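Below is one structure, written out as structure tokens; the observations come after it.
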Amino acid sequence: MSANAPQSTLPPSPPQHPGGSGPHGSPPTTAPVQPRRRGWLRIALAAMLLGVFSLPLLGVGQASAATVPVVYIHEIQYSPAGPDIPVTTAKLNAEWVQLTNTTARSVAMTNWTLRDKAGHVYRFPRFVLGAHKSVYVHTGTGTNSAINLYWGHKPPSSFSYVWNNSGTETARLENAAGRTVDYRTYVGRSVPGPAYVIYRP
């Protein structure tokens with residue numbers, strides 16, 4: 001968003017009061033008209049300078065408000081290569097979400113959740129994601145490690161898949177307090193090989 005500097009306008013000239021000490025209503029000869037105008041000019045100039053110099057500060061505030069997520073949804077491979085049926089553990093594990101730590105420090109993700117639009121929820125075990133590291137959350141089963149986590153879905157049901165191959169799907173990452181850390185939406189499509197989407201932080 002762009003911020004527009006506040007426009008400053010000169011205030012109206014001091015009102016001319018009727019009457020006074022002259023016989024025809026002219027103002028007193030001792031009224032210091034010129035210094036008063038210089039005072040208004042100083043005020044107007046100060047307002048203009050304030051507006052100019054406050055503009056970068058406003059921009060910085062807006063930029064810092066739209067911060068990059070600590071951990072973001074980097075990539076979603078929502079469909080493995082080949083047909084979905086028959087369902088196998090290998091195919092389930094070829095459906096995954098890659099999460100990346102954008103910071104220079106480790107992030108404790110214990111009890112964080114990853115969920116889809118249909119209400120499938122993966123709850124992270126005791127887990128720490130290293131600085132600038134990534135982890136893959138696979139739909140199927142396997143042995144958890146620093147770079148691979150497993151949702152635990154098993155064949156043979158086609159309902160074991162999580163991420164939709166068609167239509168609009170949303171992945172949402174929440175921290176242990178239930179606050180959204182990142183969420184991404186995609187529209188599934190059919191391709192010869194594995195189908196995936198890649199996001200920037």
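Quick caveat: nothing in here was measured; it's all calculated off a predicted structure. Along the sequence shown, the residues carry numbers beginning at 1.
No option in Y196, W96, Y161, Y186 other than Y186 meets the ring pair (Phe, Tyr, Trp, His ring centres under 6.0 Å) test with Y78.
Counting only heavy atoms from C-beta outward, the side chains of K91 and P86 approach each other to under 4.5 Å. Side-chain contact between W163 and D116: present, with at least one pair of heavy atoms (C-beta onward) separated by less than 4.5 Å. A 4.5 Å side-chain heavy-atom check between K154 and T89 finds every atom pair outside the cut-off. Counting heavy atoms from C-beta outward, D84 and S158 have side chains that stay 4.5 Å or more apart.
Under the 3.5 Å distance criterion, the side-chain polar atoms of T102 are matched with a main-chain donor or acceptor of V70. Side-chain atoms of T100 do not come within 3.5 Å of backbone N or O of H74 as any donor-acceptor pair. Without hydrogens or angle criteria, N93 side chain to T141 main chain gives a donor-acceptor distance under 3.5 Å. Between the side chain of N101 and the main chain of K133, no donor-acceptor pair closer than 3.5 Å is present. Side chain of E95 to main chain of T139: no donor-acceptor pair is present (N/O by atom type, distance under 3.5 Å, no hydrogens or angles). The closest donor-acceptor contact from the side chain of N111 to the backbone of R123 lies at 3.5 Å or more, if one exists at all.
Here the CG-CD distance, from N148 to Q98, works out to 10.5 Å after rounding to the nearest 0.5 Å. Put simply, OG1 on T113 and CG on N175 are 8.0 Å apart, with the number rounded to the nearest 0.5 Å. The line from CZ of R105 to CG of L129 is 11.0 Å long, rounded to the nearest 0.5 Å. Between the OG1 atom of T180 and the CZ atom of R115 there is a distance of 8.5 Å, given to the nearest 0.5 Å. The line from NE2 of H138 to CD of Q77 is 9.5 Å long, rounded to the nearest 0.5 Å. The distance from the OG atom of S106 to the CZ atom of F127 is 10.0 Å, given to the nearest 0.5 Å.
In K117, the NZ atom is crowded: over 12 heavy atoms of neighbouring residues, nucleotides or ligands sit closer than 6.0 Å. Few gaps surround OH on Y199; more than 12 heavy atoms of other groups in view lie less than 6.0 Å from it.
Using cut-offs of 30° and 60° on the angle between ring planes, the pair Y122 and F124 is perpendicular. Between H120 and W151, the two ring planes are perpendicular [angle over 60°; tilted spans 30° to 60°].
Between A146 and V135, the shortest heavy-atom distance links the atoms O-CG2, 4.0 Å. For the pair S157 and V87, the tightest heavy-atom approach, listed with the atom from each and the gap, is O-CG2, 3.7 Å. A104 and A131 make their closest contact through C-CB, 3.4 Å (heavy atoms, listed as atom of the first residue, atom of the second, distance). Among all heavy-atom pairs drawn from A195 and R189, the shortest one is CB-O, 3.8 Å.
With hydrophobic clusters built from ILVMFWY side chains whose heavy atoms lie under 4.5 angstrom apart, L114 shares a cluster with V181. One hydrophobic cluster, built from ILVMFWY side chains closer than 4.5 Å, cannot hold both Y136 and M109; they sit in different ones. A chain of hydrophobic side-chain contacts below 4.5 Å, direct or via other Ile, Leu, Val, Met, Phe, Trp or Tyr residues, connects V137 to I73. Note: the hydrophobic cluster containing L149 does not contain L92 (ILVMFWY, side chain heavy atoms under 4.5 Å, direct or indirect links). When hydrophobic clusters are built by joining Ile, Leu, Val, Met, Phe, Trp and Tyr residues whose side-chain heavy atoms come closer than 4.5 Å, directly or via intermediates, L173 is grouped together with V197.
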Show your reasoning for whether side chain to side chain contact (heavy atoms under 4.5 Å, CB included) applies to W112 and V71. CA-CA 11 Å; W112 285 34; V71 178; 4.0 Å; yes

